[in-house]
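Structure first, then comments.
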Amino acid sequence: MSNTTSDDSLITTEVQTESNDESAPPAGAGTAVAARDLNVYYGDEQAIDDVSMEIPEKRVTALIGPSGCGKSTFLRTINRMNDMIEICRVDGEVEFGGKNVYDDDVDPVALRRKIGMVFQKPNPFPKSIRDNVAYGLKIQGFDGDVDARVEESLKGAALWDEVKDQLDSSGLELSGGQQQRLCIARAIAPDPEVILMDEPTSALDPVAASKIEDLIDDLAEEYTVIIVTHNMQQAARISDRTAVFLTGGELVEYDDTAKIFEDPEEQRVEDYITGKFG
Amino acid sequence: MATDNANADGFGEVSRVRGIVFEYLSLGASVFGLVALGVLLVYVSIDAFDLANASPVWLLTYFLTLVVPFLAFCLYSANDPAVTRRALGVLGGGLVAVAAVFTAIETLLVPIPRLNWQLAYLFVVGAPVTAYLTYVGSGERVGAVGFGFLGRLLGGAALGLAVGTLFLVFDSLVWFLAYTLGVVPAVALYAFGSARSVPQAQTAALPAGLLGVVAAVFLRGVVPTYPSDLLIYLWTIAIPVAAAGAFAVAERRGRTAAAVVAGVPLALAAAGGFAAAGAGLPAPTVLLVLVLTGVPTAVYVSRVVDAGEGLVGFALPVLLVGGVVAGALIVEALGVPAPDPWLDPSFLTEAPSQTPTEAGLYPAIVGSVIIIAMVAVLSFALGVGTSVFLEEYTPGSGPLGTLTRIIQVNVANLAAVPSVVYGLLGLGLFANLLGLGIGTAVTAALTLSLLILPITIISAQEAIRSVPDDLRRGSDAMGATRWQTTKNVVLPEAMPGILTGTILALGRAIGETAPLIMIGAATTVFRAPDSLFSRFSAMPMQIYVWAGFPQADFRYGVVAAGVITLLIILVGMNGTAILLRNRAERGN
């Protein structure tokens, strides 16, 4: 089953032309992240079941599925945040930048410096807005113009105009939606290649969420965005590609977003999307 | 509707009796300890300041010249008619009520020893009202300026005295070399690196500094001549403090203002130091007190003048000093007999004596201050280190996890080990086995550090554990190493909690007597300790010995003066630490 889907995805990646994002780069973009025969276990429980998929670069790829289907786990295998969970065990390969990130000679800390991550709950550090954005630069020993990079990142996160006069006030004084955009600015400041987003709008009100959605659209011009979401309308609106995970960590279908939402191959996917299941 | 009929008599009543009983029982429980301690403090203060012999006229004079103007200042600052009405009501009504109740108790029940109704009024009404109005007044601009100004004057002086005391023991020559060879080059390298964006210089700063400090220790015996103590303090403490003050002002006001704010106090302090040296006074201490008082005060004044609000507040110190002087003049003119307090300047500067009137606490104060300074540094460093390791670096499962849990349980148990047992440990381990000497300051400091270490560790662990995991994950996902996450995110966020625990633990350490007796600390020494390895006494030891003297003057007057001194130093120390903690909290 998963083999067929991955074959599918290989083909469709090549012919990816459909994109509702008019500013998207030309078709035929390369692969940013690829999973091969990936299995993840928490103790005895299997969270990801033999997943293979290739995620195109400079596109938005959405991972959807019911709770506990392994989509967040899959996201965290990419930057090896699962290493923090002691009982977690990973089999198979995740290729990023031409390298299996689970190879012995890969330093997970160095890997995470190339991959930004935004979490479900906004988690700005209890520091000033400037220090929040400059955090990644600081820990990576960036020796260029920090202030310029902070400004650029805040503009990239569509937050600059709202905070440019209060860069020294605490990041916690911002509203929830602003905090989440601050976290996005923090994630893009060190100029990563991929940005992982784990349900970035589920803790926000609809207006703040729609700002983040617009932002994700823009981010895809420069970065590969992989987003986990519970909200199917959101996936349909913002993503170029959609992967549907179902219970047990099985990747059921992975295709262009339009195809998934209009004419899915799998009955189970159709049931899930139309709300009969999940 | 049907429900209308059912509720025609309202909705019935729900009993709250149990809740109300519980509320008042809780109130009683929380007030009980405070009241008991309050009564003790009242008697101790009466003894220490000989207030029992104060005539009502004397009390009234100072009440009018000192307390009333101070309260008026607070009320002026609060600028709230309701507060003024309430305060006047309590002061006036309290006078009648206290006098009536006091007289009633004395005539109908039992005579109350060593108190009269005027004193009772002072403690029961005067002190709480003053405290409340101080709190209310300091919340507004004028009061904030007044208390900020006063606090910097007093705090700077206390800090200067404390630093001067520490240098009685620590070798100022090593400090001179370490500062010149280690601190100065390290700071210079770092500043150069920041200014010119040379990260290598910044990285090299710490090793260079450490190298300089190590070199200083070795060169101590080699270098033949040193500048005088006064010049050493001028170079190593006064100038950097002034520079820091200048830096703080320069950002806001520009260079001229910075030069004035830092230069004037520095020049005054240097002049004062040299004058004191000429007059045979302890010149380095004079210099330290002047510079540590002058620079922060000048910075503060410059800031307040810039803000331009509440300038009247600067009158507060004048008001208080004026009140004392006026009171003294009136008392002198009227020929009112003044009380003869046990706690007077000579008590703080003299050595113990067999005669109560000549007895002093100076060597024990120095001993306590030195020990507490060392305990603070040691227990903070060890406590934070241990708790960071236990919370951040050990896994939760597997054999290492089990080991961690065993350590955790044992640390908790250690907190319950009686202090006399720690004394035995200190005697065996530090005094005898390591040969640090029986009854020396360094043995005492190590023993007391061990004693409070479990408390510091447990509270620091709690503080670290309460840092949300979201923040750690956020930092990890940015590609921070565990050390970077700990240093940049976890520790700054946990620091207020860690400091709270350490402050509480230090309060316990400063009052400990049993372990000091076990390690053979002297009960009475007549000279202040002059090195880490000299015999010392501490305040609680000295108080304990005095309490056993046969003369009543010792058991009441001198002991009371000692207790008040101990409490004032404890409160001063905790107050400083709490200010630092609040600043750390605001920094976030």
Sub-4.5 Å heavy-atom contacts with chain A: which residues of residues 401-412 of chain B show up? none
F125(A) versus N488(B): any side-chain heavy-atom pair under 4.5 Å? no
Report yes if some heavy atom in the side chain of P126(A) is under 4.5 Å from a heavy atom in the side chain of L471(B); otherwise report no. yes
Should the heavy atoms of other residues, nucleotides or ligands under 6.0 Å from [atom1] of [X] be counted, would the total exceed 12?
X	atom1	answer
D44(A)	CG	no
D104(A)	CG	no
Y42(A)	OH	yes
Y393(B)	OH	yes

Check A480(B) against Y135(A) and note the closest heavy-atom contact, atom names and distance. CB-OH, 4.1 Å
Contact summary for A477(B) and N79(A), nearest pair of heavy atoms: CB-ND2, 4.5 Å
Which one of M117(A), R76(A), M81(A) has the most heavy-atom pairs closer than 4.5 Å to chain B? M81(A)
Among R80(A), Q140(A), K138(A), R112(A), which residue forms the greatest number of heavy-atom pairs with chain B at distances under 4.5 Å? R112(A)
M478(B) and side chain to side chain contact (heavy atoms under 4.5 Å, CB included): which single residue from I139(A), L137(A), I115(A) fits? I139(A)
P108(A) versus chain B, heavy atoms under 4.5 Å apart: side chain, backbone, both or neither? neither
Using the side-chain hydrogen bond (donor to acceptor under 3.5 Å, both in side chains) criterion, which residues pair with D476(B)? Sequence neighbours excluded. R473(B), T485(B)
